[in-house]
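Only this structure's heavy atoms are used, side chains among them; waters, hydrogens and symmetry mates stay out.
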Amino acid sequence: MTKTLISFGHGYSAAALAKLLIPQGWRVIGTTRKPEKFESLREAGVDPVLWPDTDMTPCLDQASHILISAGPDAEGDPVLRLYRDQIAARADRFDWIGYLSTTGVYGDHQGGWVDEDTPLTPSTKRGQMRVAAEAEWGAIPGLPLHIFRLAGIYGPGRGPFAKVRNGTARRIIKENQVFSRIHVEDIAQVLAASIQAPNPGAIYNLCDDDPAPPEDVIALAAELLDLPVPPAIPFETAEMTPMARSFYAESKRVRNDRIKAELGIHLKYASYRDGLAAMLAGKT
């Protein structure tokens with residue numbers, strides 16, 4: 001029987017998963033707010049749906065799996081706001097539900113290590129909304145929910161090369177600032193592995209093995225492009241938007257042991273060094 005995945009907020013990570021599933025005979029229904037995206041979604045084999053303008057109840061009746069990429073807002077999770085009752089009523093019909101969260105739920109650890117059992121102490125509003133959304137989904141009885149806490153995402157079309165090439169990249173230096181990252185192809189392989197081996201209630205950190213200061217990533221990108229490394233700018237004096245500055249409010253290293261032990265994951269890009277080199281070579 002054809003398996004059907006509803007992808008709420010079908011974006012960068014969901015598209016990478018669809019690229020793995022569709023050749024295996026899956027039907028993927030992807031929601032978007034923009035009708036102009038329909039053509040590109042269809043070209044990728046995805047059935048596009050305009051949402052939240054479309055009633056998703058018929059799709060929920062057909063779905064065996066659900067992936068939620070749509071982020072929460074001040075009013076909570078947008079999917080549950082519209083379809084909590086319908087999803088709860090069908091809880092035992094779904095084989096797997098995946099919620100894409102963020103490692104921002106752990107808050108600031110001043111460069112220290114966190115894992116899936118670390119208490120959730122977000123210091124940003126975005127992180128706080130993610131904690132609330134995780135709890136909202138987890139409160140539905142009988143739902144085969146899996147939570148994936150994603151580190152900083154990069155991959156084709158999303159990385160430092162464009163900014164280095166056009167001269168807008170900046171190496172902002174903040175003492176003891178470190179981030180974890182994950183290549184989009186590794187996100188996709190983790191989600192696919194979880195779908196193959198469901199473990200309702202499981203929580204997974206998705207990150208590589210090499211957390212690093214952001215300025216190191218910019219420097220490597222410049223070196224790979226054989227361009228000058230952008231000068232260092234102290235965080236305290238850097239001109240930044242409030243959104244950009246908020247990313248520096250938290251520093252931590254994220255452990256990924258669980259995806260390896262439980263899902264048998266071997267990262268394609270265990271370090272940003274591997275990922276950037278592959279991107280530049282056109283291998284990803």
Side-chain angles (χ1 to χ4, degrees), residues 1-73 75-88 90-91 93-102 129-130 133-134 136-137 140 143-150 153-159 182-196 198 204 206 284:
M1 186 177 71
T2 299
K3 295 191 175 184
T4 298
L5 171 77
I6 298 178
S7 173
F8 280 103
H10 190 78
Y12 191 63
S13 298
L17 175 62
K19 192 175 179 180
L20 296 181
L21 298 182
I22 291 171
Q24 301 175 30
W26 283 67
R27 180 188 181 203
V28 175
I29 302 169
T31 77
T32 178
R33 295 176 180 270
K34 299 179 179 179
E36 59 267 28
K37 289 188 175 182
F38 274 31
E39 183 177 353
S40 62
L41 289 174
R42 289 193 180 104
E43 288 176 354
V46 175
D47 294 344
V49 175
L50 193 65
W51 182 79
D53 298 346
T54 302
D55 179 9
M56 295 297 293
T57 304
C59 295
L60 289 171
D61 286 335
Q62 301 167 39
S64 54
H65 298 67
I66 298 177
L67 178 69
I68 305 97
S69 305
D73 54 30
E75 298 176 11
D77 184 274
V79 178
L80 293 182
R81 186 160 61 241
L82 295 174
Y83 294 107
R84 180 193 307 272
D85 292 345
Q86 292 94 321
I87 289 171
R90 295 164 175 77
R93 300 186 197 175
F94 301 122
D95 296 327
W96 179 93
I97 292 181
Y99 181 78
L100 301 190
S101 186
T102 168
M129 290 192 296
R130 285 291 185 182
E134 285 188 13
E136 274 192 272
W137 279 97
I140 299 177
L143 206 64
L145 178 66
H146 305 72
I147 293 174
F148 302 91
R149 294 174 178 156
L150 277 56
I153 305 168
Y154 75 101
R158 184 181 293 192
I182 183 76
H183 192 286
V184 68
E185 290 180 13
D186 281 322
I187 295 173
Q189 72 148 325
V190 172
L191 296 177
S194 174
I195 287 171
Q196 289 296 315
Y204 300 104
L206 274 61
T284 174

Exercise for the section: Would you indicate whether the side-chain heavy atoms of Ile87 and Leu143 approach each other to under 4.5 Å? Expected result: yes
Practice task
Answer yes or no: is there a donor N or O on one side and an acceptor on the other, between the side chain of Ser194 and the main chain of Val190, under 3.5 Å?
Solution key: no
Problem - Nearest-0.5 Å distance that lies between atom OG in Ser69 and atom CG in Leu17 - result: 9.0 Å
Practice task
Kindly give the heavy-atom pair with the smallest separation between Phe148 and Gly98, and that separation in Å.
Solution key: CE1-CA, 3.9 Å
Exercise for the section: State plainly whether the residues Asp61 and Arg90 are in salt-bridge range, i.e. N to O under 4.0 Å. Expected result: yes
Exercise for the section: For residues Leu41 and Pro48, report the shortest heavy-atom separation together with the two atoms involved. Expected result: CD1-CB, 3.7 Å
Practice task
Output yes when a side-chain donor or acceptor of Arg158 lies under 3.5 Å from a complementary backbone atom of Tyr154, and no otherwise.
Solution key: no
Exercise for the section: Any chance you could measure Leu100, atom CG, to Ile187, atom CD1, to the nearest 0.5 Å? Expected result: 7.5 Å
Exercise for the section: With the side chain counted from C-beta on, respond yes when His10 and Val49 share a heavy-atom pair under 4.5 Å apart, and no when they do not. Expected result: no
Handout entry: Within-4.5 Å side-chain heavy-atom neighbours: Met56 and Ile6
Key = yes
Handout entry: Polar contact flag, side-chain donor to acceptor under 3.5 angstrom, Ser101-Glu134
Key = yes
Exercise for the section: Identify the two heavy atoms, one from Asp186 and one from Gln189, that lie closest to each other, and give their separation to 0.1 Å. Expected result: OD1-NE2, 2.9 Å
Problem - Closest non-hydrogen atom pair between Glu136 and Gly76, with its separation - result: OE1-CA, 3.7 Å
Under 3.5 Å donor-acceptor pairs involving side-chain atoms of residues 28-40, not counting sequence neighbours:
| unit_1 | atom_1 | unit_2 | atom_2 | d |
| --- | --- | --- | --- | --- |
| Thr31 | OG1 | Gly9 | N | 2.7 |
| Thr32 | OG1 | Lys34 | N | 3.1 |
| Ser40 | OG | Lys37 | O | 3.0 |

Problem - Spacing of Asp47 atom CG and Ser7 atom OG [to the nearest 0.5 Å] - result: 11.5 Å
Practice task
Could you tell me whether His65 and Phe94 have their ring centroids closer than 6.0 angstrom?
Solution key: no
Practice task
For side chain to side chain contact (heavy atoms under 4.5 Å, CB included), just list the numbers for Trp96 and His146, CA-CA rounded to whole Å, side-chain angles, deciding distance to a tenth of an Å, and then say yes or no.
Solution key: CA-CA 8 Å; Trp96 179 93; His146 305 72; 3.2 Å; yes
Handout entry: Point-to-point distance, once rounded to the nearest 0.5 Å, from CH2 of Trp51 to CZ of Phe8
Key = 6.0 Å
Problem - Asp95 vs Pro144 side-chain heavy atoms within contact, under 4.5 Å - result: no
Handout entry: Flag side-chain contact, heavy atom, 4.5 Å: Ile195 against Trp26
Key = yes
Handout entry: Smallest separation among heavy atoms of Val184 and Gly155, with atom names
Key = CG1-CA, 4.3 Å
Exercise for the section: Could you tell me the separation between the CG atom of Leu145 and the CD1 atom of Ile68, rounded to the nearest 0.5 Å? Expected result: 7.0 Å
Exercise for the section: Indicate yes or no: at least one non-hydrogen side-chain atom of Lys3 is less than 4.5 angstrom from one of Gln24. Expected result: no
Problem - Close side-chain approach of Tyr83 and Ile66, heavy atoms under 4.5 Å - result: no
Exercise for the section: Give the minimum heavy-atom separation between Asp77 and Trp137, together with the two atoms involved. Expected result: OD2-NE1, 3.0 Å
Handout entry: Side chain to side chain, Ser64 and Arg27, heavy atoms closer than 4.5 Å
Key = no
Problem - Main-chain N/O of Ala192 paired with Gln196 side-chain donor or acceptor, under 3.5 Å - result: no
Handout entry: Arg130 side, atom CZ; Tyr99 side, atom OH - distance, nearest 0.5 Å
Key = 4.0 Å
